[in-house]
Amino acid sequence: MRGILLFLFTTLTAGVSAQRNCLSREYYSILQSHSPISSEQLEVFITNAITTREQAGTAFGESAGGLAVIRIPVVVHVLYNSASEEISDEQVNSQIKALNHDFRKLAGDPTGLPQAFRNIAADSYIEFSLALVDPQGYATTGIVRKKTNIKVFGIDDRIKQSAIGGDDPWDPDQYLNIWVGNTAGAYLGYASVVGGPKKLDGVVIRYNAFGTTGKLAAPYDKGRTAVHEIGHWLGLYHIWGDRFCGDDRVEDTPPQQAPTNGCPTGNVASLCTNDPAGKMYMNFMDLTDDACTS
């Protein structure tokens with residue numbers, strides 16, 4: 001599926017701890033030992049995907065602004081050990097709505113966005129909807145619920161395997177698999193990498209950081225954890241590149257020394273550049289609180 005997706009969702013598009021904790025980088029390091037994927041190979045894959053998308057015209061969907069709108073069917077696997085962890089259909093649907101709100105830039109120009117970054121905030125022309133047909137061709141709600149004897153899921157991918165307490169993925173060439181459950185410690189989610197094993201493809205999100213209504217814990221109650229992790233799923237890096245004064249390999253994103261936590265406002269000076277625009281802390285691929293990303 002991701003071979004036809006654009007690397008466009010780049011700028012301003014990326015019991016819970018007081019700060020966001022994404023383990024996609026750690027998960028990637030573990031995966032490397034089993035299925036090595038170099039950053040160079042990933043860059044080639046993404047570059048080819050961009051070229052394919054630009055040449056596609058309207059081949060993949062309705063044309064919008066010169067690009068094809070890509071619509072991704074989603075299956076949400078809800079894993080719960082106790083009733084307190086089982087989320088409602090309403091909560092699942094609120095997350096799908098939040099994804100489309102952010103990926104399609106439906107908020108317009110956010111009033112809290114510093115002026116320096118307003119002209120690069122963009123619509124990615126990617127939409128999500130719950131699957132209507134399952135892999136066997138039967139009608140579905142796109143939501144699978146399963147009670148499990150596992151109390152807490154780590155980043156060992158147990159949540160993705162029915163035989164050991166999780167739930168097997170649907171065909172990742174046809175669906176985006178999202179697993180929702182009780183994740184270990186303070187981490188809120190992680191994502192598979194582009195080109196990784198198909199049986200592990202998708203994203204994992206903590207049940208009380210998923211969606212905008214229902215069983216949620218502030219400050220991660222506006223659906224931005226899934227937005228962030230799906231950004232990784234599409235091939236995006238953290239905004240600071242997981243190193244001091246690194247970058248996300250997107251030219252319009254300034255270098256940043258480290259992740260941003262909490263909820264800053266206005267222009268925040270960067271240790272990495274004298275640019276008056278400062279840090280792009282509102283980027284969905286930073287670790288800023290949900291309410292302060294745009």
Side-chain angles (χ1 to χ4, degrees), residues 15-24 27 72-102 128-136 138-170 172 175-192 199-230 232-233 289-291:
V16 176
S17 168
Q19 67 181 41
R20 188 188 302 278
N21 194 348
C22 163
L23 292 188
S24 286
Y27 176 72
I72 302 176
V74 177
V75 54
V76 178
H77 307 261
V78 179
L79 283 299
Y80 61 96
N81 178 261
S82 66
S84 63
E85 299 163 3
E86 185 180 9
I87 63 174
S88 66
D89 287 7
E90 182 182 14
Q91 185 166 343
V92 173
N93 280 294
S94 75
Q95 180 62 75
I96 300 300
K97 182 177 180 179
L99 291 175
N100 291 325
H101 179 275
D102 291 341
F128 303 84
S129 61
L130 289 171
L132 298 177
V133 180
D134 73 10
Q136 288 72 46
Y138 296 107
T140 180
T141 63
I143 303 171
V144 178
R145 286 189 168 79
K146 183 176 179 180
K147 184 172 175 58
T148 176
N149 62 350
I150 306 300
K151 292 185 177 180
V152 179
F153 289 101
I155 59 172
D156 57 2
D157 286 324
R158 177 178 291 189
I159 197 170
K160 303 175 183 178
Q161 301 172 70
S162 294
I164 53 176
D167 197 52
D168 291 338
W170 291 9
Y175 306 92
L176 164 58
N177 287 273
I178 301 178
W179 289 269
V180 179
N182 189 25
T183 56
Y187 91 82
L188 301 183
Y190 68 93
S192 63
K199 65 180 181 180
L200 304 178
D201 190 271
V203 304
V204 176
I205 308 293
R206 188 180 179 91
Y207 75 94
N208 59 0
F210 188 77
T212 62
T213 187
K215 299 172 181 177
L216 296 169
Y220 308 115
D221 52 0
K222 297 188 182 302
R224 267 63 191 268
T225 297
V227 172
H228 178 100
E229 298 303 341
I230 291 172
H232 284 313
W233 180 77
D289 292 354
D290 277 16

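What you see is a predicted model; the values in this text were computed from it and never measured.
Between N81 and F153 the shortest side-chain heavy-atom distance does not fall below 4.5 Å. The shortest distance between side-chain heavy atoms of F210 and V78 does not fall below 4.5 Å. For the pair K160 and V204, the minimum side-chain heavy-atom distance is below 4.5 Å.
No more than 12 heavy atoms of other residues, nucleotides or ligands sit less than 6.0 Å from atom NZ of K222. The environment of K97 atom NZ is sparse: at most 12 non-hydrogen atoms of other residues, nucleotides or ligands sit within 6.0 angstrom. Within a 6.0 Å radius of NZ in K147, other residues, nucleotides and ligands contribute more than 12 heavy atoms.
Counting only residues at least two apart or on different chains, the salt bridge (Lys or Arg N to Asp or Glu O under 4.0 Å) pairs with a member in residues 87-96 are D89-R145. Within the structure, salt bridge (Lys or Arg N to Asp or Glu O under 4.0 Å) contacts touching residues 74-83 (residues at least two apart or in different chains) do not occur.
Closest approach of A184 to G154, counting heavy atoms only: CB-CA, 4.3 Å. Between A131 and W170, the shortest heavy-atom contact is CB-CZ3, 4.2 Å. Pairing each heavy atom of D168 with each of Q161, the nearest pair is OD1-CA, 3.5 Å. Closest heavy-atom contact between P172 and N177: CA-ND2, 4.2 Å. Residues I159 and V180 share a closest heavy-atom pair of CD1-C, 4.4 Å. Looking at every heavy atom in both residues, N182 comes nearest to E85 through ND2-OE2, 3.5 Å.
Under a 3.5 Å cut-off, the side chain of N100 and the backbone N or O of F128 do form a donor-acceptor pair. Without hydrogens or angle criteria, D134 side chain to Q136 main chain gives a donor-acceptor distance under 3.5 Å. No donor-acceptor pair under 3.5 Å is formed between the side chain of Q91 and the backbone N or O of L216.
Note that CG of D290 is 5.0 Å distant from OG1 of T225, once rounded to the nearest 0.5 Å. Atoms CG and NZ, on D167 and K146 in that order, are 5.0 Å from each other to the nearest 0.5 Å. Rounded to the nearest 0.5 angstrom, Q95 CD and H101 NE2 are separated by 12.5 Å. Here the OG1 atom belonging to T213 is positioned 11.0 Å from the CD1 atom belonging to I87, to the nearest 0.5 angstrom. The SG atom of C22 lies 10.5 Å from the OH atom of Y187; values are rounded to the nearest 0.5 Å. Separation of atoms CZ (R224) and CG (D221) is listed at 10.0 Å; rounding is to 0.5 Å.
For the side chain to side chain contact (heavy atoms under 4.5 Å, CB included) with V92, the lone residue among V74, V76, T141, I178 that qualifies is V76. Under the side chain to side chain contact (heavy atoms under 4.5 Å, CB included) rule, W179 has a single partner from L79, V75, I205, which is L79.
Under 3.5 Å, the side chains of D157 and Y190 contain a donor-acceptor pair of N or O atoms.
Between H232 and H228, the two ring planes are perpendicular [angle over 60°; tilted spans 30° to 60°].
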